Amino acid sequence: MCKRQFLVLSFFYLSAFAFSQGSVFQYARQIVDTMASESMHGRGYVNDGDKIAANYLKTEFPKIGLKSFQEDYYQKFAFPINTIPFVFSFNCTAFKRELILGKDYIVSSSSCSSELRAPMSKVLLLDSAIFFNPKKLQSFLKKVSVYCFVAVDLKKVSDAEIVTLFTNRKKNFRGLIFLKRTKLTHTCSQKVDGFPSVQLLVPDSINIQKVFKKSYADLHLTNKFIPNYESQNVIGYIPGAVYPDSFIVFSAHYDHLGQMGSKVYFPGANDNASGCAMLLNLAKYYSLPENKPKYSIAFIAFAGEEVGLLGSDYFTKNPLFPLTKIKFVFNMDIMGTGEEGITVVNGSVFKTEFDKLKQINLDNKYIKDVKSRGKAANSDHYHFSEKGVKAFFIYTMGGIKAYHDIYDRPETLPLNEFENLFKLITQFGNYLQE
Ligand SMILES: [Zn+2]
């Protein structure tokens, strides 16, 4: 390499570096703090949390220079969703204290209402000794009546399988208590079960066998099923200078699990306020005249991801520009840590692009590792690659383990590799522009 080339290149990297120093981190921090705050109610379907989050993005998009395909950046669509807006109490005599919603227990997303003023009911314990023995299971199920809860202590059987077991037998009983040893993990549900259910965190100090066989419990809550909740993808773009009709897509879902009861919400700082923070930082970067792209770049904040990749499903069926005109989709979900580097879903499917991403990282030592894995339906890239569009989904590894619980909070999210990741992605984005 001649010296002049070196100087030109150094200038390019220095200006990119100057852009990222501090300001990228600061803007990311501001976005994560805002989107994971109480005012957004966990960006779900209680108190219109997702609409408040969409409105925030819609306000940021024009400020950082994104254009809109339609009048207001929104692509609206609707879906059914079950919500738990009121949780009055859950008591269980196995614990000799008041149980705290979010910390000790959460209501399952598919739960129906649970009667107010019902008396304390007996708890029957369903463990593996019973479940895997057909005779014992039969007699256990005969014992289940309207006067009891069933506490489920099964490690290798999914909660969904147990729900199906009881649904198929049309049992009338007070509800299911799923006992969890390590953590509570919330989800979203589009259906309502015929009985209420909760996840209960049981510390190791409690002997499940001894305690739950002698326990009584009660559960008071109200669900609200919304058959047609209107949500929206938020979509902006920067027109390409040379090939305006071809697109590179950066995406991140902005929805999360919402609120449960009147006070408890799932902040979703890492999942996926952090991805939105990267999305907006990238939009800001490519809006600068010196970074103007050759190809158009679309920035999509997807809705309804936690419900089942609904926003990207809708977009790929109703695209605002032909899917055949998309060169590449780069989806970002969980960008907040990175001690162990990143994983690239579809890395082994799109080898050339993966090798390039890995090489950029090796040359610059941005993050510890860039790992590859095969295809997986675990974020919004999926509907694109299933329709023949090249797509990556990257997520960070290592650091705090909070996931789909109340502990995924902005104040504990380090964003420690955020600036390095930003450099890696912009450099890969520049490669895609070649
Ligand atoms: Zn996510």
Side-chain angles (χ1 to χ4, degrees), residues 28 31-32 34-37 40-45 49-50 53-54 56-57 79 81 106 109 183-190 231-234 249-260 265-282 299-316 329-338 340 342-346 371 373 375-385 391-410 412-415 417-418 421 425:
I31 293 159
V32 171
T34 307
M35 295 191 74
S37 72
M40 296 218 181
H41 309 287
R43 308 188 301 280
Y45 314 101
D50 93 312
Y56 169 71
L57 294 169
F79 52 85
I81 190 83
I106 54 176
S109 53
K183 76 181 286 298
L184 304 172
T185 307
H186 196 44
T187 54
C188 287
S189 177
Q190 296 196 270
S231 188
Q232 55 285 306
N233 294 326
V234 189
V249 174
F250 286 108
S251 66
H253 76 88
Y254 70 87
D255 64 296
H256 194 52
L257 304 165
Q259 188 169 320
M260 175 178 292
Y265 66 101
F266 296 84
N270 202 8
D271 185 9
N272 189 27
S274 67
C276 294
M278 191 62 83
L279 187 78
L280 291 176
N281 262 301
L282 291 168
F299 297 87
I300 310 182
F302 284 118
E305 194 267 355
E306 306 285 13
V307 189
L309 316 180
L310 300 185
S312 48
D313 181 45
Y314 187 84
F315 180 87
T316 51
V329 173
F330 199 89
N331 181 54
M332 300 159 292
D333 195 350
I334 304 189
M335 296 281 94
T337 66
E340 303 299 322
I342 57 168
T343 294
V344 183
V345 175
N346 278 348
K371 279 206 175 108
R373 65 180 269 194
K375 77 176 202 177
N378 54 358
S379 194
D380 291 311
H381 64 289
Y382 180 73
H383 290 300
F384 288 93
S385 49
F392 277 168
F393 155 36
I394 67 159
Y395 58 88
T396 55
M397 300 181 297
I400 55 155
K401 296 278 180 285
Y403 174 74
H404 282 213
D405 55 35
I406 60 163
Y407 305 107
D408 183 5
R409 308 187 64 82
T412 50
L413 190 69
L415 297 171
E417 295 297 333
F418 198 89
L421 263 172
I425 297 169

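The figures here come from the full heavy-atom set of this structure, side chains too, leaving out hydrogens, waters and symmetry mates. One-based numbering, in listed order, for ligands and for the atoms of each. From a predicted model like this one, the values you see are computed outputs, not experimental measurements.
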Can you list the steps and then say if His253 with Asn331 is a side chain to side chain donor-acceptor pair (under 3.5 Å)? CA-CA 9 Å; His253 76 88; Asn331 181 54; over 6 Å; no

Taking 2.8 Å as the cut-off, does an N/O/S atom of His253 lie below it from the Zn ion (ligand 1)?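 Yes, His253 qualifies, because one of its backbone or side-chain N, O or S atoms lies under 2.8 Å.
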
So does Asp333 have any N/O/S atom less than 2.8 Å away from the Zn ion (ligand 1)?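 For Asp333, the answer is yes, given that an N, O or S atom comes within less than 2.8 Å of the Zn ion (ligand 1).
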
Check Leu257, Thr187, Ile81 against Ser109 for a side chain to side chain contact (heavy atoms under 4.5 Å, CB included) and give me the one that passes.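 For Ser109, the side chain to side chain contact (heavy atoms under 4.5 Å, CB included) check succeeds only for Thr187.
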
Verify, without hydrogens or angle tests, whether Asn272 (side chain) and Ile334 (backbone) share a donor-acceptor contact under 3.5 angstrom.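 Confirmed, Asn272 side chain pairs with Ile334 backbone.
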
With respect to the Zn ion (ligand 1), what is the nearest N, O or S atom of Asp271?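 Closest to the Zn ion (ligand 1) among those atoms: OD1.
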
Determine whether the aromatic ring centres of Phe79 and Tyr45 lie less than 6.0 Å apart.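 Yes, they do, as the ring centres are separated by less than 6.0 Å.
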
